[in-house]
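In what follows, a single structure is set out as structure tokens and then discussed.
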Amino acid sequence: MTKLTVIHMDQGDRLLLYQLFWHYYRGDLMKLTTIDWANLAELLRTMTVLCESEFGNQAITKFDEVSEETLESFVFDYNRLFVGPNRLHASPYESTYSNFEGTIMQQETIKVRNFYHYEGLQVADEGQYPDDHIQYELEFICYLLNQNEKGPDLKLFLENHFFKWVDKHCERIEEHSQNQLTLAFAYLLKEFLQLEKIIIEGGEPNVN
Amino acid sequence: MDQTYSITRHVCPRNCYSTCSILGYTKNGHLQKVTGDHKHGYTKGLLCAKGYNYINNVYHPDRLKYPMRQYPRGSGQWQRISWTEAIDIIAGKIIELNHRYESNLSLALNKYSGNMGILHHAMEGFFNGLGKTSRAVGNPCWSPGMDAVYYDYGEHQTSDMQDILHSETIILWGINPVWTSIHSLNYIYEALRRGAKVITIDPVYTETAKKSDTYIQIKPGSDGALATAIAKYILEHDLFDREFIDQYTVGWEELRDYIDQLSMEEALNQCGQTIEAIQFLAERLAKHRPVYIWMGFGMQRHRNGGQNIRAINALAAMTGNIGRQGSGAQFGQRATWKFTYHILNPFPDDKRNKAGVRPLDINDFANDLQKQQDPPVKFLWITCRNLLTQSANVEELKKALQTLELIVTVEHFMTETTQYSDLVLPATTQFEEWDIVASYWHHWISINQPAIEPYYESKSELEIARLLSKKLNEYKDHFSAFPTDMEDEQFIEQEFTDEFYQALHIKDWRELLNGPRRVDVQKTAWGTMEFKTPSGKIELFSKQALDNQLSPFGMGLMENGSNPLFPYILLLNHEPFRINSQFQNLTSFKKISREPCIYLHPLLAKEKGIQRYSMMKVVSEKGEITIRANFSTDLNQQTLVIFPNHPLVNKLISFTAADMGKVMTSGKGNALNDLHVNITKLC
């Protein structure tokens with residue numbers, strides 16, 4: 001287990017990381033260049049707590065060392081893990097990990113949908129895309145994190161949903177990844193999740 | 001949030017006897033459960049295990065989500081593309097090939113029965129709308145039987161299943177409804193309660209056989225020989241129905257003379273029966289009427305498959321068991337399929353570019369694909385079909401596919417076939433589209449309406465055909481004649497005629513939204529005794545068959561097809577929870593059978609030194625496979641069984657033409673159950 005000297009990330013960094021993962025899972029980062037990735041590495045290095053963690057550091061190093069070769073196979077590996085058309089090696093849906101048959105759009109998905117509805121939000125084209133895709137959950141977390149008064153809701157959502165499955169999701173990526181970038185994101189997400197758990201479950205009164 | 005369900009009507013479009021009507025319950029755009037539809041007069045509100053699992057199918061995490069492109073083909077490197085890109089790539093290739101070869105013959109379509117809905121003829125319609133193209137024709141399932149029934153009766157009819165309640169004797173000949181047609185069991189059990197006796201004739205001691213009063217285990221493919229032996233006994237003991245024969249058949253004297261010459265001993269030897277069994281069956285047929293015979297599809301997947309069906313038809317006819325309530329030799333029907341099929345026929349306006357088909361035999365697709373070189377096929381569209389798990393000569397097929405420039409597959413899930421494709425397009429399920437579906441067994445027509453939005457980016461085949469047609473016409477006016485401006489409902493509307501409405505007792509197809517309708521055909525097949533053959537009678541002697549270089553009689557003995565190098569027969573039988581390779585990936589079903597296996601009798605295994613659950617080798621003339629051995633005392637010691645739900649078995653199969661099929665389905669059937677093999681333990 002990573003030893004942490006500082007367990008606190010400020011609100012801005014947390015939001016930035018959630019947004020980074022949100023864009024990643026939306027497929028927005030597929031066309032970044034090696035320079036873009038190096039810039040990202042530089043930005044992440046400013047977050048001391050990440051740099052000093054084992055997997056955070058590995059992830060940052062991987063971003064820094066992205067080669068053209070890595071970029072070439074990035075999209076294929078990303079599709080293999082999260083998009084298809086083959087059986088997904090690391091399904092990005094919560095219900096895959098919580099439904100007993102791995103079926104999506106069941107009770108587990110609807111619970112996530114209900115959470116969105118409770119906050120007055122709805123996935124565009126609801127019913128066409130499963131509400132518990134990680135990109136929607138991340139977007140929702142960003143929305144809650146942005147508003148100070150939503151702290152308790154955020155805690156509830158993270159504890160009842162996001163924290164419950166994303167670890168397993170990261171494990172599957174680590175197991176099946178064939179690309180340095182998809183692996184780097186798994187490391188980063190895994191590490192970030194640990195930090196978030198400490199903040200949320202560590203009982204800090206003001207998560208903001 | 002809306003707390004009420006909206007209820008929609010659906011039909012299971014799979015290749016199955018039941019064609020169940022389904023109700024979908026949707027809340028807030030989410031399909032929450034499916035049930036059977038009580039308004040369906042045959043399935044009566046029941047589904048099968050597959051049907052009840054449709055939710056898991058629709059919302060399966062592995063379902064195809066987006067159009068994807070694989071480059072290079074077979075590499076497993078998939079790129080997500082937009083529909084616009086997909087349609088551009090396809091249209092671009094069609095135009096390029098049209099310029100290169102100055103025709104559209106290099107375009108081929110291979111579609112089969114993965115979805116039997118009428119609107120799923122859209123791609124055939126699209127191809128027809130391009131003028132002359134190449135097409136997989138024929139039928140791997142029932143073509144010999146269809147020809148046989150045509151030679152005997154001139155048309156394809158079945159009785160309502162309720163008719164069986166009037167039967168004294170029920171013969172389930174080569175059919176295992178406990179596994180493959182569960183809805184019929186209510187009727188069979190009710191007939192039993194009313195005093196009928198059920199006899200199952202099958203090479204396998206099936207679940208159905210176990211529930212029957214009598215079981216006759218015959219040698220695979222010897223159904224015709226058994227019918228001949230019974231007929232011979234009936235003749236010798238004067239048990240035939242002279243009055244019926246005189247009135248409703250032609251060719252009796254000729255058939256009689258022919259049967260007289262055949263050896264009873266040889267007939268008994270071929271089907272593996274004693275004279276006592278023959279006597280029992282003959283007396284049931286002649287003295288315990290009406291006799292309802294249900295012929296399964298397996299017996300006609302032999303070199304003599306059509307003859308087998310004709311022999312049983314003749315047996316039913318000579319005992320007066322046709323056209324009378326509670327009787328009949330049932331196979332399959334087309335009488336209720338009164339659609340206009342306008343969807344198939346958007347012929348091009350340009351008279352120089354006439355529609356037509358360059359046929360590629362669906363059963364010998366690999367070879368036909370390579371044979372056609374003027375011009376060669378360069379573009380293949382695969383839909384409603386898992387070509388690579390359900391084809392013969394699979395290695396040749398893979399080679400032939402390598403010569404193609406673009407392979408497009410429309411699917412719900414990744415299959416062996418999609419792995420060999422350049423483009424994979426995600427299709428909607430029956431819960432996301434309109435359709436109408438009829439049955440080849442019962443007489444009910446059901447509507448299918450959308451319950452939910454197309455999942456992810458899936459589209460119906462009709463929509464894909466429209467998009468493609470529109471794109472092609474942007475390149476060149478009138479390139480494609482497939483309508484681009486008609487709504488789904490309009491496509492449905494044009495399939496009905498006033499006559500069809502009359503037969504359904506409705507005035508508009510939308511009335512089907514209130515429940516499925518029975519087509520007003522005779523409740524008992526051939527009840528009016530008006531046969532559609534040239535003679536207007538049942539043709540025990542068929543000149544049409546003779547003209548097609550076949551025996552004019554259905555009855556007859558088999559030619560010796562045994563091969564000492566391959567002394568066993570491997571049957572490809574259906575299993576209860578899947579239809580060939582469909583429903584493979586349902587999690588709960590995976591627990592039922594985890595890995596392919598072959599069933600053999602423990603005594604045969606002992607003789608060969610094969611342990612249960614050990615790996616063994618199976619060799620045919622075509623190839624060999626290694627597979628896990630499983631024991632079954634339901635088989636005799638010369639017969640093995642495998643469920644054809646995975647591509648492994650295809651390595652053993654080539655195209656062996658059955659005797660019939662050309663007339664009704666444009667190609668002979670494949671004698672899949674004449675698969676002669678040898679087995680050894682794995683050293």
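Residue numbers start from 1 in every chain, and the chains themselves are labelled A, B, ... in the order their sequence lines are given, proteins ahead of strands. Keep in mind the model is a prediction, meaning the values are calculated, not measured.
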For chain A, the option from B/N56, B/L64, B/N585, B/L31 that forms the most heavy-atom pairs under 4.5 Å: B/N56
Give the C-alpha distance, both sets of side-chain angles, the deciding distance and a yes or no for side-chain hydrogen bond (donor to acceptor under 3.5 Å, both in side chains) between B/S460 and B/E433. CA-CA 6 Å; B/S460 70; B/E433 63 188 18; 4.9 Å; no
SB check A/E108 A/K111 (cutoff 4.0 Å): no
Heavy-atom side-chain contact between B/H60 and B/N57 under 4.5 Å: no
Not counting sequence neighbours, which residues clear side chain to side chain contact (heavy atoms under 4.5 Å, CB included) with A/T46? List them please. none
If contact means a heavy atom pair closer than 4.5 Å, which residues of residues 79-99 of chain A contact chain B? A/N79, A/V83, A/G84, A/P85, A/N86, A/R87, A/L88, A/Y93, A/T96
Using a strict 4.0 Å threshold on nitrogen-to-oxygen distance, state whether B/K111 and B/E461 make a salt bridge. no
Between B/M68, B/R80, B/E453, which residue shows the highest count of heavy-atom pairs closer than 4.5 Å to chain A? B/M68
What part of B/I55 lies closer than 4.5 angstrom to a heavy atom of chain A: side chain, backbone, both or neither? both
I'd like to know if B/E85 and B/R69 make a salt bridge, using a cut-off of under 4.0 Å between side-chain N and carboxylate O. no
Are A/R45 and A/D64 packed together at the side-chain level, in the sense that at least one heavy-atom pair is separated by less than 4.5 angstrom? yes
Which bit of B/Q419 is near chain A, if near means a heavy-atom gap under 4.5 Å: side chain, backbone, both or neither? side chain
Identify which part of B/Y456 has an atom lying under 4.5 Å from any heavy atom of chain A, answering side chain, backbone, both or neither. both
Do we see a donor-acceptor contact under 3.5 Å between the side chains of A/T70 and A/S67? yes
Could you pull out all residues at least two apart from B/Y71 that satisfy side chain to side chain contact (heavy atoms under 4.5 Å, CB included)? none
Any residue of residues 123-137 of chain A which, by heavy atoms, sits under 4.5 Å from chain B: A/E126, A/G127, A/Q128, A/Y129, A/P130
Segment of B/I452 engaging chain A (4.5 angstrom heavy-atom cut-off): neither
Considering only heavy atoms from C-beta outward, does the side chain of A/L50 approach that of A/L188 to under 4.5 Å? yes
Is the shortest heavy-atom distance from the side chain of B/R63 to the side chain of B/V58 under 4.5 Å? yes
So, B/D422 and B/K93, do they make that salt bridge, N to O below 4.0 Å? no
